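Reading through the structure tokens given below for one structure.
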Amino acid sequence: MSIDLLPAVKPVRVSWNKGRVVGQKRPLLPRHVWSIRVRLEMAGNARDLALFNMAIDSKLRGCDLVALRVRDVFAAGHVKERASMIQSKTGKPVRFEITDTTRQSLDRWIRNPEMIGLEFLWPSRIHGSAHLSTRQYARIVRGWVVSLGLEPSAYGTHSMRRTKVAQIYKKTGNLRAVQLLLGHTKMDSTVRYLGVDIEDALSLSEAVDL
């Protein structure tokens with residue numbers, strides 16, 4: 001048989017997302033949050049503990065979180081109870097709370113000898129870079145997730161942004177509050193971000209008895 005008549009054999013390419021969870025990243029559950037905190041405290045990792053707590057409280061995108069400066073959260077010798085930042089994506093300010101647990105970890109980190117004279121809250125350990133990059137931050141988040149035995153492809157930096165607002169929405173059903181906390185300009189963005197569907201709406205409706 002002539003070789004020209006043989007069927008063409010195409011090399012089998014493995015799909016890039018084979019075995020991975022794709023789509024919207026999952027928020028961490030409260031038990032995950034406490035487990036990571038305990039691990040970081042036991043390891044004495046002051047920077048990562050402050051970074052983790054701040055990521056949960058601020059609900060900032062990774063690009064904004066890594067660009068925080070000391071003056072954004074620290075004034076008159078104390079960590080602020082509330083702070084604000086101009087979002088790089090929208091150019092609009094967003095306010096966020098800094099809870100007591102986070103303030104304590106931030107205070108320890110800011111007073112660390114490693115932080116003396118530094119402008120950025122999360123200085124990079126790579127020469128020539130003023131602060132952590134979003135890629136470095138993503139690797140840190142992956143390390144936290146893997147330490148719990150979770151599937152790393154199901155979680156990412158947006159998991160940190162979604163964690164607290166997911167619990168707020170679950171407990172209150174207040175989409176407007178979540179929209180303000182995330183700094184979204186449109187409610188539609190918040191609805192898509194949380195993955196709100198008809199089941200959520202029905203559950204809220206069933207809880208109201210008239």
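Since this is a predicted model, take the numbers as computed values, not measurements.
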Measure across K59 and L181 and return the closest heavy-atom pair with its distance rounded to 0.1 Å. CE-CB, 3.7 Å
If we only count heavy atoms from C-beta on, is the L132 to R47 side-chain gap below 4.5 Å? yes
Side-chain contact test, heavy atoms from C-beta onward, threshold under 4.5 Å: evaluate it for L60 versus L68 and give yes or no. yes
Rounded to the nearest 0.5 Å, what separation is found between the OG1 atom of T190 and the CG atom of L180? 8.5 Å
Could you check whether any side-chain N or O of T163 sits under 3.5 Å from a backbone N or O of P27, counting only pairs where one atom can act as donor and the other as acceptor? no
Is E81 atom CD crowded by more than 12 heavy atoms from other residues, nucleotides or ligands, each under 6.0 Å away? no
Please test V73 against I110 for side-chain contact (heavy atoms from CB on, under 4.5 Å), starting from the C-alpha separation and ending with a verdict. CA-CA 10 Å; V73 300; I110 290 170; 4.2 Å; yes
Any donor and acceptor pair, going by atom type alone, linking the side chain of R61 with main-chain N or O of K89 inside 3.5 Å? no
Heavy-atom donor-acceptor pair, E97 side chain to T99 backbone, under 3.5 Å: no
So does M54 get a backbone contact from the side chain of S58, meaning a donor-acceptor N/O pair under 3.5 Å? yes
With rounding to the nearest 0.5 Å, note down the distance linking CG in L28 to OG in S35. 10.0 Å
What is the distance from atom CG of L150 to atom NE2 of H32, rounded to the nearest 0.5 Å? 4.5 Å
Non-hydrogen side-chain atoms of K92 and I86 separated by less than 4.5 Å: no
Within a strict 4.5 Å, meaning less than it, do heavy atoms of the R161 and L65 side chains meet? no
V70 and L118, any side-chain heavy atoms less than 4.5 Å apart: no
Go through R108 and N112 one step at a time and tell me if the side-chain contact (heavy atoms from CB on, under 4.5 Å) criterion holds. CA-CA 6 Å; R108 285 195 296 270; N112 190 299; over 6 Å; no
Starting from Y169, can I reach M187 by hopping between I/L/V/M/F/W/Y residues whose side chains sit under 4.5 Å apart? yes
Does M115 form a side-chain contact (heavy atoms from CB on, under 4.5 Å) with R111? I'd like the steps, not just the answer. CA-CA 7 Å; M115 287 292 291; R111 297 182 191 281; over 6 Å; no
Quick one: list whatever passes side chain to side chain contact (heavy atoms under 4.5 Å, CB included) with S88, sequence neighbours left out. C63, D64
For the backbone of K25 and the side chain of R162, can you confirm whether one donor and one acceptor N or O come within less than 3.5 Å of each other? yes
If you define the side chain from C-beta out and look only at heavy atoms, does anything of L121 sit under 4.5 Å from F74? no
Are V33 and L106 in one and the same hydrophobic cluster, where Ile, Leu, Val, Met, Phe, Trp and Tyr link if side-chain heavy atoms are under 4.5 Å apart? yes
Exercise: identify the closest heavy-atom pair between P152 and V146: CB-CG2, 4.1 Å
Does the side-chain contact (heavy atoms from CB on, under 4.5 Å) test come out yes or no for V66 and Q136, once each step is laid out? CA-CA 9 Å; V66 297; Q136 287 172 303; over 6 Å; no
What is the distance from atom NE2 of H184 to atom OG1 of T90, rounded to the nearest 0.5 Å? 9.5 Å
Between atom CD1 of I98 and atom OG of S105, what is the distance when rounded to the nearest 0.5 Å? 9.5 Å
Can W34 be reached from V141 by stepping across I, L, V, M, F, W or Y side chains whose heavy atoms are under 4.5 Å apart? no
Is the closest side-chain donor-acceptor distance between Q179 and R176 under 3.5 Å? yes
Using the rule that two of Ile, Leu, Val, Met, Phe, Trp, Tyr join whenever any of their side-chain heavy atoms come within less than 4.5 Å, decide whether F52 and V165 are in one cluster. no
Look at the side-chain heavy atoms of Ile, Leu, Val, Met, Phe, Trp and Tyr, link any pair under 4.5 Å apart, and say whether Y155 and L182 land in one connected group. no
Taking K170 for its side chain and I168 for its backbone only, find out whether a donor-acceptor pair lies under 3.5 Å. no
Is it true that a side-chain atom of R82 and a backbone atom of F96 form a donor plus acceptor pair closer than 3.5 Å? no
Distance in Å, R37 CZ paired with T101 OG1, rounded so as to fall on 0.5 Å steps: 5.5 Å
Between W109 and W122, what is the ring plane arrangement, given parallel below 30°, perpendicular above 60°, and tilted in between? parallel
